[in-house]
Amino acid sequence: MNQPLKPLKWYKTLSTGAGRRETGCFLLEGFKAVSQVVLVKPEAVAEIVAVEGCQPPDGYPVRMVNRAQFEQISAARTPQGIAAVVELPEGVYSSRLPQPPGNKVLLLEDVQDPGNVGTLIRTAAAFGFSGVILSAKCADPFSPKCVQSAAGSVLSVLLRRTEKYLDLAAGLKNSGWSLVATALDGQSDTALLKSDRLVIAMGSEASGLSKPCLELADCRFTIPIDRCNAESLNVAVSGGIVMWLAGI
């Protein structure tokens with residue numbers, strides 16, 4: 001027997017934090033993003049929603065809708081006509097890390113712009129980082145703009161968003177990891193980033209890293225720039241540079 005169709009407003013609730021927590025799902029839009037998640041985590045895709053005429057990936061339940069109906073549920077400025085209902089990763093809002101957690105982790109403290117958070121997640125995945133730890137004041141990595149900016153990489157790395165983010169960082173440090181804080185008063189010696197087990201901490205553009213996070217760090221690193229022409233770099237740009245330097 002076929003399951004009754006969900007009302008369109010059900011898909012719209014996935015754009016809210018409360019809706020995602022209640023359903024355990026988020027909505028991922030766009031052909032490339034859907035294809036990436038199908039490639040990386042095919043088992044996480046619960047359903048495909050597509051505009052009539054689009055070619056959805058095989059092997060999943062498909063809800064066909066017209067263009068006007070799709071625009072009702074889409075959070076994109078220019079909807080592409082395809083979306084996937086994807087299950088949230090287990091433990092994403094918990095304060096525990098799986099073992100082993102990999103060997104390179106990005107720590108984000110109070111980075112509130114969802115575009116920056118999504119871009120940093122995508123960049124971490126691209127440069128071989130195993131996970132991203134986010135403070136509870138960071139943008140939700142599964143909010144629509146974060147997911148869009150991550151371009152399908154949101155399930156490619158371990159994610160934890162929690163108020164106890166510093167406890168997670170301290171636990172890694174106690175296990176022999178090196179914690180490097182990015183700060184304007186840091187050193188520019190790239191040798192600081194050469195560790196077999198590394199946590200790179202980045203703070204908000206407005207205030208940088210908090211005093212407790214800086215005190216927890218083993219050292220501070222800065223990217224040398226011409227501060228007469230630009231006071232600082234965008235946090236997503238900085239993150240990309242530092243993560244690349246950590247891998248070369």
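Computation of the quantities below employed the complete heavy-atom set of this structure, encompassing side-chain atoms and omitting hydrogens, waters and symmetry-equivalent molecules. Everything quoted here is computed from the prediction, not taken from an experiment.
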Chemist: With the side chain counted from C-beta on, respond yes when Ile82 and Val51 share a heavy-atom pair under 4.5 Å apart, and no when they do not.
Modeler: no
Chemist: Are there over 12 heavy-atom neighbours, none belonging to Glu71, within less than 6.0 Å of that residue's CD?
Modeler: yes
Chemist: Working to the nearest 0.5 Å, report the span between CG of Leu134 and CG of Asp140.
Modeler: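 Here the rounded value is 9.0 Å.
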Chemist: Roughly how far apart are Gln187 CD and Cys219 SG, rounded to 0.5 Å?
Modeler: 7.0 Å
Chemist: Counting only N and O atoms by type, is there a donor-acceptor contact under 3.5 Å from the side chain of Ser94 to the main-chain atoms of Gly91?
Modeler: yes
Chemist: Are any of the side-chain heavy atoms of Val117 and Ser149 separated by less than 4.5 Å?
Modeler: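 No; the side chains remain at least 4.5 Å from each other.
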Chemist: Going by atom types alone, do Glu109 and Ser204 pair a side-chain donor with an acceptor below 3.5 Å?
Modeler: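 Short answer, no.
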Chemist: Does NZ belonging to Lys12 count more than 12 external heavy atoms closer than 6.0 Å?
Modeler: yes
Chemist: Hey, is the main chain of Lys104 close enough, under 3.5 Å, to the side chain of Ser130 for a donor-acceptor pair?
Modeler: yes
Chemist: For Asn66 and Gln69, indicate whether the former's side chain and the latter's backbone hold a donor-acceptor pair under 3.5 Å.
Modeler: yes
Chemist: Ignoring hydrogens and geometry, is there a side-chain-to-backbone donor-acceptor pair from Arg20 to Phe26 under 3.5 Å?
Modeler: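 It does not hold such a pair.
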Chemist: Working to the nearest 0.5 angstrom, can you tell me the gap between Glu29 CD and Ser15 OG?
Modeler: 7.5 Å
Chemist: Going by atom types only, do Ser232 and Glu205 share a side-chain donor-acceptor pair under 3.5 Å?
Modeler: no
Chemist: Does atom NZ of Lys194 have more than 12 heavy-atom neighbours, drawn from other residues, nucleotides or ligands, at distances under 6.0 Å?
Modeler: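 Count over threshold, so yes.
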Chemist: To the nearest 0.5 Å, tell me how far Thr190 OG1 sits from Phe221 CZ.
Modeler: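 Interatomic distance, Thr190 OG1 to Phe221 CZ, rounded to 0.5 Å: 6.5 Å.
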Chemist: Above 12 or not: heavy atoms from other molecules or residues under 6.0 Å from CH2 of Trp10?
Modeler: yes
Chemist: Under 3.5 Å, is there a donor-acceptor pair between the side chain of Gln72 and the main chain of Leu8?
Modeler: no
Chemist: Please say whether more than 12 non-hydrogen atoms of neighbouring residues, nucleotides or ligands are located less than 6.0 Å from CG in Asp58.
Modeler: no
Chemist: Here's a test for you: under side chain to side chain contact (heavy atoms under 4.5 Å, CB included), which of Asp167, Ile133, Leu198 qualifies with Leu172?
Modeler: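 Only one of Asp167, Ile133, Leu198 forms a side chain to side chain contact (heavy atoms under 4.5 Å, CB included) with Leu172, namely Ile133.
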Chemist: State whether the number of non-hydrogen atoms from other residues, nucleotides or ligands found under 6.0 Å of Glu90 atom CD is greater than 12.
Modeler: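 No, CD of Glu90 has 12 or fewer neighbouring heavy atoms, counting only those of other groups under 6.0 Å.
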Chemist: Should the pair Arg160 and Tyr93 be classed as cation-pi, given the thresholds of under 6.0 Å to the six-membered ring centre and 45° from the axis?
Modeler: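 Cation-pi check for Arg160 and Tyr93: fails.
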Chemist: Can you check whether Asp218 reaches Lys173 side chain to side chain, under 4.5 Å on heavy atoms?
Modeler: yes
Chemist: Please check this pair: side chain of Thr222 against backbone of Ser188, looking for a donor-acceptor N/O pair closer than 3.5 Å.
Modeler: no
Chemist: Would you call Glu52 and Arg67 a salt bridge, using N to O less than 4.0 angstrom?
Modeler: no
Chemist: Report the distance from atom SG of Cys138 to atom CG of Leu159, rounding to the nearest 0.5 Å.
Modeler: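 Cys138 SG to Leu159 CG: 11.0 Å, rounded to 0.5 Å.
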Chemist: Give a yes or no on whether Glu231 atom CD has more than 12 heavy-atom contacts from other residues, nucleotides or ligands under 6.0 Å away.
Modeler: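 Result for CD/Glu231: open.
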Chemist: Is the count of non-hydrogen atoms from other residues, nucleotides or ligands lying under 6.0 Å from Asn174 atom CG greater than 12?
Modeler: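 Buried by this count: over 12 neighbours within 6.0 Å.
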